[in-house]
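Presented below is the structure to which this report refers.
Atoms within a ligand are numbered from 1 in the order they appear, just like the ligands themselves.
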Amino acid sequence: MILTAAEYTAGRHGIAIIQGMQDRFLTPLDRLLAGANNALRTIAAPAGRPARTNPAAEIAESELSDEQRVHAAGLMRVNHAGEVAAQGLYQGHAAVARDAATEKQMQRAADEEFDHLAWCEQRLAELDAGPSRLSPVWYAGAFAIGAASGVLGDRWSLGFIAETEKQVCAHLDSHLESLPENDVKSRAIVEKMRDEEQEHGENAVEAGAAPLPDPVQRLMQLTAKVMTRTAYRL
Ligand SMILES: [Fe+2]
Ligand SMILES: [Fe+2]
């Protein structure tokens, strides 16, 4: 499994975040530093410029009541926390992935998740709100789960991704029901994210994801519930 530092840290942006690392191959220490770099970019808002334009960029702001704004901000904070966790999860998986193609696929998905993260952060600022104060907890927990399932083998980590993305899609669908009808900007972001999460899940299945046992699926649902309830407020 040989990836250049540029591929690992910058993905499809093609710019090495750590200057001068473009031509070197990664040692375990490089990987550790690249991982720490990603963690910092994820947890320390602002996340920076997304690689792709925010799907709501061209949409005009609509009139929202205070109550609607606070509710939309709560939901977008939950989505932002989900994207922080997605970074942890994908980076955790990628850190222990055995197959280079699997690692690359995870890195590509993580790049798209990073755009989601930045879009949610932009929307939160527009709604006069900020990300969850527990971001480091969401990241660290997800990284540990990602690495632990990855250690069992790529089929299991892909299975974990497929199940996570399935649950995330259902969750984003519920947000599309719950978001104020006139909050078209938040809705545009959530719709785009939902389409891409579905694609991530389908890619994981195609790459050979193992179906997870029922108790594991239920435990994941329970964990997600705790996270979403908490991040709505904190
Ligand atoms: Fe995402
Ligand atoms: Fe995803």
Side-chain angles (χ1 to χ4, degrees), residues 11-13 38-39 41-43 45-57 72 75-95 97 101-124 131-132 135 138-139 141-143 145-147 149-150 154 156-176 178-179 185-209 212 217 220-221 223-224 227-228 231-232:
R12 70 193 150 78
H13 311 292
N38 181 273
R41 282 172 77 208
T42 304
I43 294 163
R49 274 165 67 95
R52 295 169 301 155
T53 313
N54 188 323
L75 296 179
M76 293 311 281
R77 188 177 304 109
V78 169
N79 292 332
H80 182 273
E83 296 300 335
V84 168
Q87 282 303 312
L89 205 56
Y90 275 105
Q91 297 297 335
H93 284 310
T102 307
E103 183 178 355
K104 244 197 162 124
Q105 187 189 328
M106 286 175 186
Q107 191 59 51
R108 211 173 17 245
D111 284 342
E112 290 189 356
E113 307 289 13
F114 196 81
D115 286 347
H116 299 172
L117 178 87
W119 298 339
C120 287
E121 192 183 296
Q122 285 170 353
R123 187 60 190 144
L124 276 169
S132 168
S135 287
W138 310 137
Y139 187 92
F143 188 96
I145 294 171
S149 71
D154 287 353
W156 291 105
S157 68
L158 287 164
F160 200 82
I161 286 176
E163 178 59 30
T164 304
E165 297 286 14
K166 194 176 94 188
Q167 291 186 16
V168 169
C169 281
H171 160 86
L172 291 176
D173 280 338
S174 78
H175 275 200
L176 286 169
S178 180
L179 272 168
K185 278 176 92 75
S186 299
R187 302 184 76 85
I189 295 171
V190 173
E191 275 164 18
K192 177 76 177 160
M193 279 164 46
R194 194 213 171 278
D195 288 350
E196 293 189 349
E197 312 304 9
Q198 187 165 357
E199 216 177 289
H200 297 159
E202 286 166 2
N203 289 345
V205 170
E206 264 170 46
L212 299 187
Q217 292 185 23
M220 287 164 70
Q221 278 163 349
T223 313
M227 196 187 98
T228 53
Y232 183 86

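Taking R77 as the reference, nothing meets the salt bridge (charged side-chain N to carboxylate O under 4.0 Å, His left out) condition, with sequence neighbours excluded. Scanning for side-chain hydrogen bond (donor to acceptor under 3.5 Å, both in side chains) contacts around Q87 gives N38, with sequence neighbours left out. In this structure H116 satisfies the ring-ring contact (aromatic ring centres under 6.0 Å, His included) test together with W119, sequence neighbours excluded.
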Exercise. Dump the intermediate steps for side chain to side chain contact (heavy atoms under 4.5 Å, CB included) on I189 and N54, then the final yes or no.
Key: CA-CA 7 Å; I189 295 171; N54 188 323; 3.4 Å; yes
Self-check item: salt bridge (Lys or Arg N to Asp or Glu O under 4.0 Å) between E196 and K192, worked out
Solution: CA-CA 6 Å; E196 293 189 349; K192 177 76 177 160; 3.5 Å; yes
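Of all the N, O or S atoms in E165, the one closest to the Fe ion (ligand 2) is OE2.
Of the possible donor and acceptor atoms, none in the side chain of R123 sits under 3.5 Å from a partner among the backbone N and O of K185.
Of all protein atoms, those of element N, O or S that lie under 2.8 Å from the Fe ion (ligand 1) number 5.
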